[in-house]
Amino acid sequence: MLSNFEICKLLNIEYPIFQGGMARLGTTELVSAVSIAGGLGIIGSSDAPPDWLTDQIRQTKAKTDKPFGVNILLLTPYLEENLKVLVDEDVKIVTFGAGNPGKYIPALKEAGIKIMPVVSSVALARRLERLDIDAIIVEGMESGGHVGDTTTMALLPQIVSSVSVPVIAAGGIADGRGLVAALALGAKGIQMGTRFICSDECIAHPKFKESIIKAHDRATVVTGETTGHPVRCLENKLTRQFMTLEKEGVPISVLEELGRGKLFSGVIQGNIEEGSLMAGQIAGLIKDIKPVKSIIQEIMLEAEQIISALNKYK
Ligand SMILES: Cc1cc2nc3c(=O)[nH]c(=O)nc-3n(C[C@H](O)[C@H](O)[C@H](O)COP(=O)(O)O)c2cc1C
């Protein structure tokens, strides 16, 4: 099996594969399975309150002593409280989504926490590199959830050429080919969201997992461009309604109201048409639901075979 990954040494993990901290789905079930399988599981705290986060961290620690992380969404109303939970519960790794975590970094470093912000532009990557971060996750617009506007293929090498910290690639990766492509573009590892939703351990509703399996290459759309918070989801009745209202130019408050509670409704309760089904463009490649361990092992094996096969060009 491939080895010698710098990011594995840094984080004390076996394989250079992160499970992106997903809102509603990055729970202890998936996180512990990924970490036990040798990747990095990441709890998605999104807009959850501090008692939920505390409980998820404790449950994960009870299941495994392998490293895991917490994703903090900078838009959460519980930001200060959840950052305190990280320190109180002795969390070792944090990733940040949706913004610039700059002012929170010194206190977290003081507490010995490794910090990996998620970025979707060269400018933010450069700005954050000046602070004391350990690695950076570069997320292209193919990914599920909140997105920027540049593809992984174009953004990743530009950020790799602009910073000296290790870079992790996210967005549009679901197999060994994606891992090798990311390594070729200069990444030290990958982060996946959509692929891990279709695992046995993810608590996503079976109907949502089935929607990903049925998805084709153009099954996702980006809504919310006009609100400043674009989100990639599988197209359904909700996204069509949302986009119609956006075209009509309704006030942002109307769009916010329409979106309220819809992620839970879609991904947990299985309301496939009325709920929000955040997922990435790579959904079209995912054709099965399997254990996390198989997902990780198959990716590593496929990557190794591709790297050997590429030697024929020598
Ligand atoms: C349902 C869902 C929820 C997500 N929630 C978050 C989040 O709360 N914070 C975050 O930083 N990224 C979030 N993401 C992004 C993932 O962590 C990951 O970077 C992304 O899914 C990678 O792209 P992929 O879906 O093509 O694998 C979410 C993605 C999905 C699909």
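First listed ligand is number 1; within each ligand, the first listed atom is number 1. The basis for the numbers below is simple: all heavy atoms, side chains too, and nothing from hydrogens, waters or symmetry mates.
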With only distance considered, is [X] within less than 3.5 Å of ligand 1 through an N or O on each side?
| X | value |
| --- | --- |
| Met22 | no |
| Phe96 | no |
| Thr194 | yes |
| Met192 | no |
| Gln191 | yes |
| Leu263 | no |

Would you call Gly172 a ligand 1 contact, heavy-atom distance under 4.0 Å? yes

Of all the heavy atoms in Glu139, does at least one lie under 4.0 Å from an atom in ligand 1? yes

By number and element, which atoms of ligand 1 are closer than 4.0 Å to a non-hydrogen atom of Gly171? 22 (C), 23 (O), 26 (O)

Going by an N to O cut-off under 4.0 Å, is there a salt bridge joining Glu274 and Lys237? yes

For Asp149, does the CG atom have more than 12 heavy-atom neighbours from other residues, nucleotides or ligands under 6.0 Å away?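 Count not over threshold, so no.
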
Taking all non-hydrogen atoms of both residues, which atom of Gly224 and which atom of Glu246 are closest, and how far apart?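 For Gly224 versus Glu246, the nearest heavy atoms are N-OE1, 3.0 Å.
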
Quick one, Glu29 and Ser32 - any side-chain contact, counting heavy atoms below 4.5 Å? no

Would you kindly specify which portion of Leu73 sits under 4.0 Å from ligand 1, judged on non-hydrogen atoms: side chain, backbone, both or neither? side chain

Could you work out, with side chain to side chain donor-acceptor pair (under 3.5 Å) as the rule, every residue matching Thr76, not counting sequence neighbours?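 Result, side chain to side chain donor-acceptor pair (under 3.5 Å) vs Thr76: none returned.
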
